[in-house]
Number of protein chains: 2
Amino acid sequence: MPSSPVPSSIARLRGKGGRYHHGNLRGALIVAAAGLLETEGEAGLTLRALADRAGVSRAAPYRHFADKEALLATLAGEGFRVLDREMERAAAMETTAPGRLRAMARAYVAFAQRYHRMFRLMFAGAADPEGRGSGQLRRRLSDAVAGMGSATDGMTAMTAWSLIHGLAALALDSPVVAEAARAPNVDGVVDLLIGGIG
Amino acid sequence: MPSSPVPSSIARLRGKGGRYHHGNLRGALIVAAAGLLETEGEAGLTLRALADRAGVSRAAPYRHFADKEALLATLAGEGFRVLDREMERAAAMETTAPGRLRAMARAYVAFAQRYHRMFRLMFAGAADPEGRGSGQLRRRLSDAVAGMGSATDGMTAMTAWSLIHGLAALALDSPVVAEAARAPNVDGVVDLLIGGIG
DNA sequence: GCATGATGTTGACATCATCTACATCCAAGT
DNA sequence: ACTTGGATGTAGATGATGTCAACATCATGC
């Protein structure tokens, strides 16, 4: 028998059939964080709320993340992975190079609007740990642009990315830009650039 | 004689020739906030540090701002005003319409890099109180675009703003884009769009 | 069986935003 | 001059939060 009695919270867990060890706390924390971020906003994304939602003590997350910032960075990295997948899927359904670029732009903007807090987090400056996120995005867009016109160099790809990202970002703040970011209009915006390339 | 003795901090102020009333605390807080934001980062931008820097108690800022968010919103509004002024000045030195658009783009990107934390704050979602900031920006860019080609409607202006904003924002995160955002290269990026317009 | 590292828990701390009650100053009436 | 009321500032407390150190529990290989 240990010198101190079994803590009440553990007894409670046992009573509910819970286990002392969570099993996959790291993953559960990321999922809970994504959920909290969208429902409660970044202010509501607190380590305590996270731990509660995962049914775990307040200090437990520190076994998996050095600090809150590390958790947010990982979360942002996850966001980049999802965005990349959605762009890939959107492009796969198109047959022409300009069609692919337009589809990727629509997916980018749609992602920003559906998960707008996540989108903000991703570009808030906390680099994701593997640094992979934005690099992979850039490469995917570069490839799409490269398959287009003749005079398509790196600068052209940066221009395309800037245009798409700016449209997605500004649409979150300005209702006027949001109108230009509606799916049918995105094509028109991208076409202005395509005209400049070809 | 009041029931409680004169607080030590006031005595200290008196001793240093300070006054009980600050004079222009509201303005001093905004200046201090702008300074702290750039030197310490958003995490270091705390009401305590602000009050200390202004030589005033911790609760004093609440006489001028409802809460921290209101202060940040005002600060962001100030940022918009500065950015607008810099764009205006940059455009005034140019004689042609494309030249003005290019100059404004360079000013926009330069502002984002010089005051990158302020730039992030401005587009972090906390709308500035008068809502004037981003609207004025949009109008100025719309005017610049309107003075250009034949087929320049609202959509064109949104496209221009998106391109410029995206370039400025991405350059803060990605070294690759930062290269495309160096002053000489900004012109090239904008020209890609101008080619699409004309 | 049993040591040992990984995983969770508890309790405490410092910092922060914010509130309440009070003090001080300034300016307008009188 | 004197008072009086509103604007401005202060002190102290409160609750929430991120983080840490010491301890408990589990799972796994020897």
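A, B, ... follow the sequence lines: proteins, then strands. Residue 1 opens every chain. Nothing here was measured: the structure is a model prediction, and the numbers come from that model.
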Whole-Å distance, B/Arg63 CZ to C/dA23 P, equals 14 Å

Can you find a side chain N or O atom of A/Thr46 that sits less than 4.0 Å from OP1 or OP2 on D/dA16?
-> no

N/O (side chain, B/His64) to phosphate O (OP1/OP2, D/dA7) under 4.0 Å
no

Taken to the nearest whole Å, CG/B/Asn24 to P/D/dA7 is 17 Å

Rounded to whole Å, the CD-P distance (B/Glu69 to C/dT18) equals 9 Å

Next on the checklist: For B/Phe119 and B/Tyr108, take the angle between the two ring planes, folded into 0 to 90°, and tell me which bin it lands in: parallel under 30, tilted 30 to 60, perpendicular over 60.
Outcome noted: perpendicular

Assert: residue with more 5' nearest nucleotide on DNA chain D, out of A/Lys68 and B/Ala60, is B/Ala60

A/Leu47 atom CG is separated from C/dC16 atom C1', nearest whole Å, by 15 Å

B/Arg48 CZ to C/dC16 C1', in whole Å, measures 5 Å

Any donor-acceptor pair under 3.5 Å between the side chain of A/Arg58 and the base of D/dG18? no

**Message:** Is it the case that the side chain of B/Asp191 and the backbone of B/Ile194 share a donor-acceptor pair, with hydrogens and angles ignored and the cut-off at 3.5 Å?
**Reply:** no

Output for pair (B/Leu37 CG, B/Met118 CE), nearest 0.5 Å, gives 6.0 Å

- Query: Does the pair A/Arg106/A/Glu94 count as a salt bridge with the N-to-O cut at 4.0 Å?
  - Reply: yes

Here the distance between atom P of D/dC23 and atom OH of A/Tyr62, to the nearest Å, is 21 Å

B/Asp52 atom CG is separated from C/dT15 atom P, nearest whole Å, by 12 Å

Rounded to whole Å, CG of A/Leu25 lies from P of D/dT25 at a distance of 19 Å

